[in-house]
Q: 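Sharing a structure, written as structure tokens. Questions coming.
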Amino acid sequence: MEDRISQTQEEEVGGAEEVGVNNPQPKKPKKKTDFWVRLGVGVLYMAVLIGFFLLKIFVNDFLFDFIVLAFAILGTYEMVHAFKGKITKAQAVIVMVFSALSILTFCISDFVFKEIIDVKWGQSNYTPLITFVVFIAGVATIIGLLVITHQKVSLESTGYSLLAYVYPTVFLLILSGCNHLVKYSDAAILFIFLICPFSDSLALVFGRLFGKKLPQKMAPNVSPNKTVIGGFGGLVGGMIGAVLVFFVYYGLCTPLRNGSFEKIVFEWESLYLFLGVGVISSFFSQFGDLVESAIKRKIGIKDMGKILPGHGGLLDRIDSSLYAGLAVCLIFTIRIMVIMT
């Protein structure tokens with residue numbers, strides 16, 4: 001997540017990252033007003049997340065899917081806009097439609113199976129299969145445009161369209177999957193959105209403290225200012241964030257769901273699990289940041305959008321969370337399978 005408030009590791013050595021591969025440009029000095037704009041937008045973003053998280057706890061888990069759907073629509077639009085001129089209007093429309101449709105299919109289908117049909121753990125829930133079919137239908141339609149609009153569509157534009165469709169749709173399906181876990185869903189969401197800022201902050205601290213003595217770059221061709229020592233700091237931040245998630249999950253979220261704070265039980269044996277998830281999700285969050293940096297560098301743009309003043313686009317804000325969600329969902333799914341079988 002390229003957070004403009006902390007600037008993560010991009011300021012580790014005081015340099016400025018190139019805007020494009022062959023077009024390096026220094027960053028302009030930041031004004032004090034820019035800081036307050038970034039801070040205000042960051043606070044508003046977190047307030048929205050917290051609001052939907054509270055709706056998830058107090059009303060219904062499925063209400064959190066609305067923000068996932070919003071991420072899908074806005075994030076996919078940013079990808080389509082970034083590839084403007086490289087894909088046709090028909091391809092852009094298909095990508096937008098099936099991206100939203102894939103998320104909606106997963107959420108509505110799982111709601112029907114769990115809330116209406118009342119399918120329990122271990123019984124058949126065909127949500128993944130139905131969603132997979134809809135998603136592949138989108139892939140088939142994008143490729144099928146090679147026939148339908150043969151004169152306007154090229155293999156190159158088809159490739160760009162598929163990339164815009166897969167990223168971020170697939171990752172947001174995983175995020176929605178975390179929201180629908182039969183256990184640990186609150187912890188999973190907390191990990192996805194809390195570990196990244198902790199990881200970014202400690203990466204910045206370690207980079208500034210030790211970057212000059214240990215200047216080895218993490219990915220010099222993608223993000224020249226990120227160092228290995230900064231990445232290590234990010235892992236430490238992941239562990240600290242994991243401890244916070246542990247106490248918030250067992251000390252706040254669980255009692256709120258139970259409707260009572262009289263008997264709070266901390267499952268201390270799970271602390272090791274949470275620490276492991278913190279380290280692994282921190283690693284994936286840093287890699288996710290690099291992935292989007294690589295995409296932007298290939299396209300030759302600085303930000304994916306302008307929807308969040310001072311932060312860039314929505315994808316600039318959630319890029320780390322997308323990859324972190326993969327690790328979080330996989331680990332907690334395995335954990336659930338172990339304890340419930």
Side-chain angles (χ1 to χ4, degrees), residues 19-22 65-112 126-177 222 287-288 290-308 312-319 321-323 325-326 329:
V19 175
V21 179
N22 300 314
D65 290 323
F66 282 99
I67 197 170
V68 178
L69 178 61
F71 285 167
I73 294 173
L74 294 173
T76 304
Y77 173 78
E78 288 180 352
M79 287 295 293
V80 168
H81 187 266
F83 291 144
K84 187 177 181 180
K86 300 179 184 294
I87 63 177
T88 67
K89 290 184 178 180
Q91 288 173 318
V93 171
I94 294 300
V95 168
M96 289 292 298
V97 169
F98 274 96
S99 175
L101 191 59
S102 296
I103 302 295
L104 278 172
T105 299
F106 181 88
C107 299
I108 294 174
S109 178
D110 205 48
F111 179 82
V112 170
Y126 294 101
T127 295
L129 177 60
I130 296 171
T131 305
F132 182 71
V133 170
V134 172
F135 178 80
I136 294 301
V139 174
T141 304
I142 293 171
I143 297 175
L145 289 176
L146 287 167
V147 176
I148 300 171
T149 56
H150 182 72
Q151 298 299 323
K152 298 181 179 180
V153 173
S154 65
L155 288 176
E156 183 180 11
S157 67
T158 300
Y160 281 119
S161 300
L162 289 172
L163 177 57
Y165 181 43
V166 170
Y167 184 91
T169 303
V170 169
F171 297 91
L172 290 172
L173 281 171
I174 296 296
L175 174 57
S176 191
V222 175
F287 186 75
L290 291 173
V291 168
E292 183 158 315
S293 294
I295 293 175
K296 290 188 291 187
R297 189 168 287 271
K298 290 293 184 181
I299 302 173
I301 60 176
K302 179 177 179 291
D303 296 317
M304 292 301 294
K306 299 179 180 179
I307 193 173
L308 299 175
L314 177 69
L315 288 178
D316 295 307
R317 184 75 196 192
I318 67 171
D319 54 357
S321 300
L322 296 179
Y323 267 78
L326 287 172
C329 189

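Remember, predicted model here, so these are calculated numbers, not experimental data.
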Q: side-chain contact (heavy atoms from CB on, under 4.5 Å) between Ile103 and Val68: does it pass, once the steps are laid out?
A: CA-CA 8 Å; Ile103 302 295; Val68 178; 4.3 Å; yes
Q: Hey, does the side chain of His150 reach the backbone of Leu146 with a donor-acceptor pair shorter than 3.5 angstrom?
A: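 Present.
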Q: About how many Å separate CE of Met79 and OH of Tyr160, when rounded to the nearest 0.5 Å?
A: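 Tyr160 atom OH to Met79 atom CE measures 10.5 Å (nearest 0.5 Å).
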Q: Test Leu145 against Lys152 for side-chain contact (heavy atoms from CB on, under 4.5 Å), laying out the working first.
A: CA-CA 9 Å; Leu145 289 176; Lys152 298 181 179 180; over 6 Å; no
Q: Give a yes or no on whether the ring-centroid distance for Phe135 and Phe106 is below 6.0 angstrom.
A: no
Q: Go through the steps for Lys86 and Ser157 under the test side-chain contact (heavy atoms from CB on, under 4.5 Å), then give the verdict.
A: CA-CA 6 Å; Lys86 300 179 184 294; Ser157 67; over 6 Å; no
Q: Please name the pair of heavy atoms, one in Val222 and one in Arg297, separated by the smallest distance, quoted to 0.1 Å.
A: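 Shortest heavy-atom separation between Val222 and Arg297 comes out as O-NE, 2.8 Å.
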Q: When you measure from the side chain of Glu78 to the backbone N and O of Leu315, does any donor-acceptor pair fall under 3.5 Å?
A: yes
Q: With sequence neighbours left out, what residues match Asp65 under salt bridge (charged side-chain N to carboxylate O under 4.0 Å, His left out)?
A: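 Result, salt bridge (charged side-chain N to carboxylate O under 4.0 Å, His left out) vs Asp65: none returned.
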Q: Below 4.5 Å, heavy atoms only, C-beta onward: do Thr131 and Leu173 meet side chain to side chain?
A: yes
Q: Shortest non-hydrogen contact from Ile299 to Ala82?
A: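 Smallest interatomic distance, heavy atoms only, reads CG2-O, 3.7 Å.
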Q: Identify the heavy atoms of Gln91 and Val153 that sit nearest to each other, and give their distance.
A: NE2-CG1, 3.3 Å
Q: Which word best sums up how the rings of Phe287 and Tyr323 line up, parallel for under 30°, tilted for 30 to 60°, or perpendicular for over 60°?
A: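 The rings of Phe287 and Tyr323 stand perpendicular, inter-plane angle above 60°.
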Q: With no hydrogens and no angle check, do the side chains of Tyr167 and Glu292 hold a donor and an acceptor under 3.5 Å apart?
A: yes
Q: Please find the pair of heavy atoms, one from Ile73 and one from Ala100, that lie closest to each other, and give the distance.
A: CG1-CB, 4.2 Å
Q: Just so I know, are the side chains of Tyr77 and Leu314 near enough to count as touching, which here means a heavy-atom distance under 4.5 Å?
A: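 The answer is no, as the side chains (C-beta and beyond) never meet within the 4.5 Å cut-off.
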Q: After noting the C-alpha distance and the side-chain angles of Thr149 and Thr88, does the key distance pass the side-chain contact (heavy atoms from CB on, under 4.5 Å) rule?
A: CA-CA 10 Å; Thr149 56; Thr88 67; 5.5 Å; no
Q: Do the side-chain N and O atoms of Thr169 and Ser102 include a donor-acceptor pair separated by under 3.5 angstrom?
A: no
Q: Examine distances only and state if a side-chain atom of Asp316 and a backbone atom of Met304 form a donor-acceptor pair shorter than 3.5 Å.
A: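 Checked: pair present.
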Q: For the backbone of Ala72 and the side chain of Thr76, can you confirm whether one donor and one acceptor N or O come within less than 3.5 Å of each other?
A: yes
